[in-house]
2 protein chains.
Amino acid sequence: MFSQAEENYIKSIYVLELEFQNNVSTNLIAKKMQTKPSSVTDMLKKLAVKDLVDYKKYQGVQLTSKGKKVALKVIRKHRLWEYFLVKELKFKWDEVHEMAEQLEHIKSETLIDRLESFLKYPKFDPHGDPIPDKDGKIMITKTINLLNLKVGQKGVIDNLKDSSDTFLKYLTKKNLALRDKIKVVDIEPFDNSIHLETKTHHLVVSKKVAENLNIKI
Amino acid sequence: MFSQAEENYIKSIYVLELEFQNNVSTNLIAKKMQTKPSSVTDMLKKLAVKDLVDYKKYQGVQLTSKGKKVALKVIRKHRLWEYFLVKELKFKWDEVHEMAEQLEHIKSETLIDRLESFLKYPKFDPHGDPIPDKDGKIMITKTINLLNLKVGQKGVIDNLKDSSDTFLKYLTKKNLALRDKIKVVDIEPFDNSIHLETKTHHLVVSKKVAENLNIKI
DNA sequence: AAATATTTTTAGTCTTATCTAAAATGTTAA
DNA sequence: TTAACATTTTAGATAAGACTAAAAATATTT
């Protein structure tokens, strides 16, 4: 139906729309996908013809509802495979991204539905992100960024903005995990670093780390 | 490392070398891969440059030892994924080929080794074919084609030459399965059809069916 | 051994997805 | 409000992998 390249563009646009409230530009996509703006333009034209995006020259893009459906299918596959890799094959959460990037393109609705059933219908992937169901329905948990918490506020680490290997390794090293309860002990005005308290320890995280942690209050 | 197209050619050549005792021609590959001879020639040149095949114009090809290693890796992946699909995800043996064709190209040694361990190191795939180990070692069972059995001889259905959906469906319909004991009751000289006796029933199979059944005596 | 048939290769084209360099458009700040 | 700067698009190239049609090599008949 769609090529891997097309699916990758669609998925990236979906993720960027969430992060940038539908202001998705050619350059933004190029940066995210580590490609050149001219390549992005080419692809946007193709996707527009296939009615997967609304695209007007120089005006950025939005996914059509058809495009969103495709995005959710790819994301569903990605997250179910990640869950499989971590829960069944015992990979660490920072090892699975690359494999899932490939597995998400395997063409077979039945396969992914069987996999989902085999895994007992998990609701979240190993990085805390919700797994869309067969119909593309996705459970959105209201979270706020750790940067926006005030001193004294408590919450639970719900999901990560950045799921790169290096960030995941950082969290592991600092003994922070999904579902951990945290409390903001202090905020350093000079560099916005945040002093946190968890069940087991205290630590200070930088602004850059904080903005990648989404907290459920 | 290698493209999907390259891996597919390598795999096909490997299979053809087994079937035709290293007499693998351009046309044969084209037929097997449902492509044109000219495309095959193009690819053989590329594979030769990469030292995966020995190729001299108009002389057919043989895999180099490097090529054989690649072939065995792809086959290993294919068969382990097939086993997973049938044993864990409960697909029927005639449903898994297309999915395995895609999964065999997922790039990750670790993934396939973990999968193998998860599956408890199966030795044969759902079609009776042996699964190469991590080092490419493959267990070859001595079998002979049902066509070569004499009246009165007994044996066990060990593996299939053709694992196409239609042949697998045929076997299911006729209530024939891997590991079934069979005995040749009669051979019809006119059309080489064979009258078989199994534990549970009698049946007649055509020459075409017989040549796709490999029997362990 | 020549004629014919078959197989294989070459030459040139197409599609997809990428790139660079240059041109066009949009944005910002003097 | 226009000059400078940034972003985006176009034009033209490239590479992989496929194709068709024609040419070349090999095999088979007569």
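Using a 4.0 Å cut-off between charged side-chain N and carboxylate O, B:Lys107 and B:Glu7 make a salt bridge. Looking at A:Lys66 and A:Asp51, no side-chain N of the basic residue comes within less than 4.0 Å of a carboxylate O on the acidic one, giving no salt bridge.
A sub-4.0 Å separation between OP1 or OP2 of D:dA18 and a side-chain N or O of B:Tyr9 is present. Taking 4.0 angstrom as the limit, B:Ser25 places none of its side-chain polar atoms (N or O) nearer than this to OP1 or OP2 of C:dT7. Between B:Tyr55 and C:dT9 there is a side-chain N or O to OP1 or OP2 distance below 4.0 Å. Between B:Lys46 and D:dG17, a side-chain N or O to OP1/OP2 separation shorter than 4.0 Å is present. Of the side-chain N and O atoms in B:Gln59, none sit less than 4.0 angstrom from OP1 or OP2 of C:dT7. The phosphate of D:dA18 has neither OP1 nor OP2 within less than 4.0 Å of any side-chain N or O from B:Ser39.
Rounded to whole Å, the distance from CE on B:Met43 to C1' on C:dT9 is 16 Å. For the pair A:Tyr58 OH and D:dA6 C1', the interatomic distance rounds to 12 Å; values are reported in whole Å. Atom C1' of nucleotide C:dT16 and atom CD of A:Gln4 are separated by 13 Å, given to the nearest angstrom. Atoms CG (A:Asn27) and P (C:dG26) sit 15 Å apart, rounded to a whole Å. Put simply, CE on B:Met33 is 12 Å from C1' on D:dA18, counting in whole angstrom units. Per the geometry, CD belonging to A:Gln34 stands 11 Å off P belonging to C:dC19, to the nearest Å. Here the P atom of nucleotide C:dC14 and the CG atom of B:Asp42 are 16 Å apart, to the nearest Å. Residue B:Leu28 contributes atom CG, which lies 17 Å from atom C1' of D:dT26 at whole-angstrom precision.
Shown are B:Arg79, B:Lys77, B:Lys11; of these, the side chain to side chain donor-acceptor pair (under 3.5 Å) with B:Glu104 is made only by B:Lys11. Checking A:Asp158, A:Thr141, A:Asn145, A:Asp129 one by one against A:Asn214, the side chain to side chain donor-acceptor pair (under 3.5 Å) holds for a single residue, A:Asn145.
A donor N or O paired with an acceptor N or O is found under 3.5 Å between the base of D:dT20 and the side-chain atoms of B:Ser38.
When the nearest nucleotides of DNA chain C are assigned to A:Lys57 and A:Thr35 by heavy-atom distance, the more 5′-ward of the two goes with A:Thr35.
Closest to the side chain of A:Lys36, from the set C:dT9, C:dC19, D:dG17, is C:dC19. Of the listed nucleotides (C:dA24, D:dT10, D:dT20), D:dT10 has the atom at the smallest distance from the side chain of A:Thr41.
Using a 4.5 Å heavy-atom threshold, the side chains of A:Lys207 and A:Glu211 count as touching.
Among the heavy atoms of the strands lying under 4.0 Å from A:Lys45 are primed sugar atoms or P, OP1, OP2 only; no base atom is included.
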